[in-house]
Amino acid sequence: MKKTILVTGGTGFIGSHTTVELQNAGYDVVIVDNLSNSKADVVDGIEKITGIRPAFEKVDCCDKAGLEAVFQKYPDISGIIHFAASKAVGESVEKPLLYYYNNLVSLINLLELMPKYGVKGIIFSSSCTVYGQPAPENLPVTEQAPIQKAESPYGNTKQINEEIIQDYVKSGAPIGAILLRYFNPIGAHPTAIIGEMPNGVPANLIPYLTQTAIGIRKELTVFGDDYDTPDGSCIRDFIYVVDLAKAHVCAMARILDGKLAEPVEVYNVGTGHGVSVFELINTFEKCTGVKLNYKVGPRRPGDIEKVWGNVDKANKVLGWKAVHTLEEALSSAWKWQQKLRADGIM
Ligand code: WQD
């Protein structure tokens, strides 16, 4: 009997790639998304890749009645992967209440409905943002590293959501949870049928970089080259989105197979390698043959100088490891950007 997984935010960047991998692993998937930052035709793309059309319900997770109707319509939901959230760091500074309301109420609604409908577990999409700027001696950062004051309301909602889950489980809620702390997800599905589709001017590096490479943007600005790093640019742990998606499949199996060692487990999901912005640009140019037009500008307020993950726990306990190279991830991002151009989308 196939198990059904509810994927909130499933038409989004990471949610859609995770839906593909869940289907590949034999799960049925119900996507819930309010389409505030994605398009319904992503469901067609998922079906094109896997041959299986996921169920799709256009529902806002902050609408508790609408969300409950989904649990009533799909009584076999065994687990939830919760991606649906507002996620733009800069916007969260301008509109904090929108972020606190959307990102906290959506999770609380799900947690309240889980026991009522016998849903065993939840995977929460968290972020390395919770670590802030780790102390140099704490790099690569492990799950035991101190949680530091968030630099933005967006990052704070990730921290608060983790605490909400911890406290709810501690209160005796009959559920298990896994918190996955992502580093920097990049790239697109190798078929170039789904990928990252930011609304408007991209805030994140890779979509801005590929849009510059294809001529949509005039030039990329590197936000600062005077950091305390080997080449002066920031360092990040860039992880291929398909590797990240597969980590969710491992985590869901661990929950549903009753293998949790504690009611809430936390894992870093990254490659374990730090790459600087300049190194990434050079790698992009080398693996695509495209010369990138960029300049160095001032630092971006709130940017972390350097962060990359210690991923030993995910490798050893979750049985998951990132297997794709930066070159493969960047090539997939470029192939996706070229497909969007070929399809007249951008
Ligand atoms: C990466 C590096 C920039 C754009 C955030 C969130 C994280 C996750 C991903 C949502 C930084 C530099 C960027 C540009 C640049 N959340 N950069 N020029 O800030 O590491 O992580 O987004 O999905 O939780 O914190 O990602 O891609 O914005 O920046 O030089 O035009 O690229 O300074 O060093 P970030 P990013």
Side-chain angles (χ1 to χ4, degrees), residues 9 12-18 37-38 83-93 99 103 124-134 141 147-148 150-159 161-162 179-187 195-213 216-229 231-241 244 268-271 274-284 292-309 326 329-330 333:
F13 174 38
I14 305 168
S16 54
H17 288 82
T18 300
N37 195 23
S38 57
F83 294 106
S86 302
K87 59 159 218 166
V89 173
E91 184 189 44
S92 77
V93 176
Y99 273 68
N103 292 3
F124 174 64
S125 163
S126 190
S127 166
C128 63
T129 308
V130 303
Y131 299 119
Q133 175 55 69
V141 68
I147 302 299
Q148 300 197 80
E151 303 269 343
S152 69
Y154 159 78
N156 203 24
T157 64
K158 289 298 180 188
Q159 291 183 10
N161 277 341
E162 288 197 1
L179 313 178
L180 295 182
R181 291 175 180 163
Y182 310 157
F183 285 75
N184 287 62
I186 65 168
E196 190 169 8
M197 188 73 116
N199 276 341
V201 180
N204 290 134
L205 176 63
I206 301 309
Y208 201 104
L209 184 152
T210 56
Q211 287 186 15
T212 303
I216 296 170
R217 309 287 163 204
K218 200 167 81 48
E219 70 182 347
L220 170 74
T221 303
V222 173
F223 296 140
D225 67 349
D226 56 352
Y227 285 99
D228 178 19
T229 61
D231 64 17
S233 65
C234 290
I235 295 175
R236 292 290 185 276
D237 183 333
F238 296 100
I239 174 167
Y240 182 41
V241 66
L244 174 61
N268 285 339
V269 185
T271 66
V275 171
S276 78
V277 175
F278 284 138
E279 285 170 336
L280 184 137
I281 291 171
N282 295 337
T283 305
F284 178 83
L292 191 73
N293 188 20
Y294 67 92
K295 67 177 181 183
V296 176
R299 294 182 174 193
R300 179 172 67 176
D303 266 343
I304 299 294
E305 177 176 78
K306 48 194 168 197
V307 62
W308 65 98
L326 180 63
L330 291 174

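Order of appearance sets the numbers: ligands from 1, and atoms from 1 within every ligand.
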Residue pair Y227, V277: steps toward the side chain to side chain contact (heavy atoms under 4.5 Å, CB included) verdict: CA-CA 11 Å; Y227 285 99; V277 175; over 6 Å; no
Verdict with reasoning, F284 to T210, per side chain to side chain contact (heavy atoms under 4.5 Å, CB included): CA-CA 9 Å; F284 178 83; T210 56; 4.2 Å; yes
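Taking Y182 as the reference, S125, H248 meet the side chain to side chain donor-acceptor pair (under 3.5 Å) condition, with sequence neighbours excluded.
No donor-acceptor distance shorter than 3.5 angstrom exists from the side chain of K306 to the backbone of S276, with no hydrogens or angles considered.
Near ligand 1, residues K87, V89, S127, T129, Y154, N184, A203, N204, L205, L220, T221, V222, F223, C234, R236, V277, R300, D303 come within 4.0 angstrom through at least one heavy atom.
Rounding to the nearest 0.5 Å gives a distance of 9.5 Å between CG of D225 and CZ of R299.
Residues D231 and E279 are in side-chain contact: their nearest non-hydrogen atoms beyond the backbone lie under 4.5 Å apart.
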